[in-house]
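Below is one structure, written out as structure tokens; the observations come after it.
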Number of protein chains: 2
Amino acid sequence: MLRIGEVAARAGVSVRALRYYEEQGLLEAERTPSGQRRYPESAVGRVRFVQQLYAAGLTSRDVLEVLPCVHTGVATPAMIARLAEQRDGIDRQIAELTAARERLAEIIRIGEQYVPGGPDPSEAAVDACRPVGRPATEELQPAG
Amino acid sequence: MLRIGEVAARAGVSVRALRYYEEQGLLEAERTPSGQRRYPESAVGRVRFVQQLYAAGLTSRDVLEVLPCVHTGVATPAMIARLAEQRDGIDRQIAELTAARERLAEIIRIGEQYVPGGPDPSEAAVDACRPVGRPATEELQPAG
DNA sequence: CTTGACCCTGACGTCAACGTCAGGTTCTAG
DNA sequence: CTAGAACCTGACGTTGACGTCAGGGTCAAG
């Protein structure tokens with residue numbers, strides 16, 4: 001059984017975060033007679049999983065829905081539906097992220113191409129900042 | 001030239017958000033003599049881009065660094081480096097999201113498999129909640 | 001000229017996931 | 001037994017991206 005500081009260190013989060021997770025019902029702990037929390041080794045993995053879901057944009061409440069096995073150990077059809085919703089939400093997120101990444105990558109490519117000695121990379125960079133493939137309007141002139 | 005409500009509606013954000021973007025230096029607007037904001041059509045695309053970057057986990061300040069062309073129209077080598085950093089950050093995010101998605105998908109698969117008429121899907125679901133391929137410890141018994 | 005939709009500038013409220021501080025207890029090393 | 005590290009429970013503070021309310025201009029239509 002691990003102490004809270006140990007779990008925090010291994011999972012790469014703060015002690016406060018673990019207490020917060022408990023408050024939110026995401027992580028249980030046994031208590032010593034004096035009231036100190038004791039965690040099984042598996043708590044480390046669970047915390048990392050919670051962090052993953054947070055990183056996926058889920059809230060604590062979402063995670064609570066997504067981790068029914070934490071409390072009940074059972075996955076009902078309704079829960080499966082919610083899980084699927086969350087999964088689809090993540091899919092949409094990944095799609096948006098990929099799009100954003102591509103636009104950034106394009107700006108970078110243009111920038112790297114012009115930086116070495118080019119006199120005025122502005123037009124190309126500005127184009128990259130525009131919504132995909134839209135022709136220039138009156139905004140964002142080449143700074144001249 | 002569009003009015004602020006028009007831009008907000010087309011970009012799918014609130015009027016307040018647009019004023020906030022201006023406050024953060026992410027979006028400029030001309031003003032009528034009476035002080036009302038007027039935007040070019042391209043503002044809609046810009047707002048969508050900003051939203052994309054927000055969705056990618058960037059802060060307003062990050063976006064401000066990432067969109068230097070908004071103000072200067074030029075991409076310096078230092079900016080390129082920052083762009084690359086952000087891109088890599090997004091890559092890491094995508095990787096994490098994909099991992100989270102996979103774990104969710106696995107839980108769903110197990111759930112769907114057992115739901116139709118299975119009497120006790122708990123063990124499988126519980127396994128799916130565990131860090132990848134870790135054997136059962138004393139926590140999370142099959143609820144009985 | 002008045003009604004109503006839209007716009008303006010502050011400025012305070014919100015929500016989530018913690019950070020941080022206060023004031024006190026417990027555990028471990030010497 | 002004593003110092004110090006680690007733990008406890010409140011409870012208030014923080015940050016980012018807005019929401020929302022107050023109080024007041026603007027403008028096309030009737």
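Quick note on labels: first sequence line is chain A, next is B, and so on, each numbered from 1. What you see is a predicted model, and the numbers here were worked out from it, not measured in a lab.
Both tests hold for A:Arg103 against B:Phe49: distance to the six-membered ring centre under 6.0 Å, angle to the ring axis within 45°.
B:Glu28 and B:Tyr21 form no side-chain donor-acceptor contact under 3.5 Å, judged by distance and modelled atom types alone.
Here the shortest heavy-atom pairing between A:Leu83 and A:Val66 reads CD2-O, 3.5 Å.
Look at CD on A:Glu22: it is 16 Å from C1' on C:dA17, rounded to the nearest Å. Rounding to whole angstrom units, CG of residue B:Leu64 and P of D:dG16 are separated by 13 Å. Remark: C1' of C:dC6 and CZ of B:Arg38 are 10 Å apart, rounded to the nearest angstrom. Going from atom CD of B:Glu23 over to atom C1' of C:dC12 covers 13 Å, rounded to whole Å. Atom pair B:Arg61:CZ and D:dA17:P shows a separation of 10 Å (rounding to whole Å applied). Spacing between atom OH of B:Tyr54 and atom C1' of D:dA17 amounts to 7 Å, rounded to whole angstrom units. For the pair B:Leu18 CG and D:dT20 P, the computed distance is 16 Å after rounding to whole Å.
In this structure, B:Asp91 contributes its side chain and B:Asp88 its backbone to no donor-acceptor pair below 3.5 Å.
Within the nucleic acid shown, A:Arg31 comes within 4.0 Å of sugar-phosphate atoms alone, with no base atom in reach, counting heavy atoms only. Heavy atoms of A:Leu58 sit under 4.0 angstrom from primed sugar atoms or phosphate atoms, though from no base atom.
Other residues, nucleotides and ligands contribute over 12 non-hydrogen atoms within 6.0 Å of the CZ atom of A:Arg38.
Residues B:Val50 and A:Arg37 both approach DNA chain D. Their nearest nucleotides, taken by heavy-atom distance, put A:Arg37 toward the 5′ side.
Residues A:Glu41 and A:Met1 form no side-chain contact, since every pair of their non-hydrogen atoms from C-beta on lies 4.5 Å or further apart. In this structure, B:Leu26 and B:Ser60 have side chains that are in contact, with non-hydrogen atoms separated by less than 4.5 Å.
A salt bridge links B:Glu6 and B:Arg10; the closest N-O separation between the charged side-chain nitrogens and carboxylate oxygens is under 4.0 Å.
Using a 4.0 Å cut-off, no side-chain N or O of B:Thr59 falls inside it from OP1 or OP2 of D:dT15. Residue B:Tyr20 has no polar side-chain atom (N or O) positioned under 4.0 Å from OP1 or OP2 of D:dC18. For C:dC18, the OP1/OP2 oxygens have a side-chain nitrogen or oxygen of A:Tyr21 closer than 4.0 Å.
Contacts between residues 4-17 of chain A and DNA chain D, defined by a heavy-atom separation under 4.0 Å, are made by A:Ile4, A:Gly5, A:Arg16.
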At a cut-off of 3.5 Å, list every protein nitrogen or oxygen paired with a nitrogen or oxygen from nucleotides 26-28 of chain D, distance to 0.1 Å.
| from | atom 1 | to | atom 2 | distance (Å) |
| --- | --- | --- | --- | --- |
| D:dC27 | OP1 | B:Ser34 | OG | 3.4 |

For this session: Given salt bridge (Lys or Arg N to Asp or Glu O under 4.0 Å), test B:Glu22 with B:Arg16 step by step and report yes or no.
Result: CA-CA 10 Å; B:Glu22 182 172 321; B:Arg16 176 69 174 93; over 6 Å; no

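Side-chain proximity of A:Arg19 to the nucleotides D:dC8, C:dT9, D:dA17 is greatest for D:dC8.
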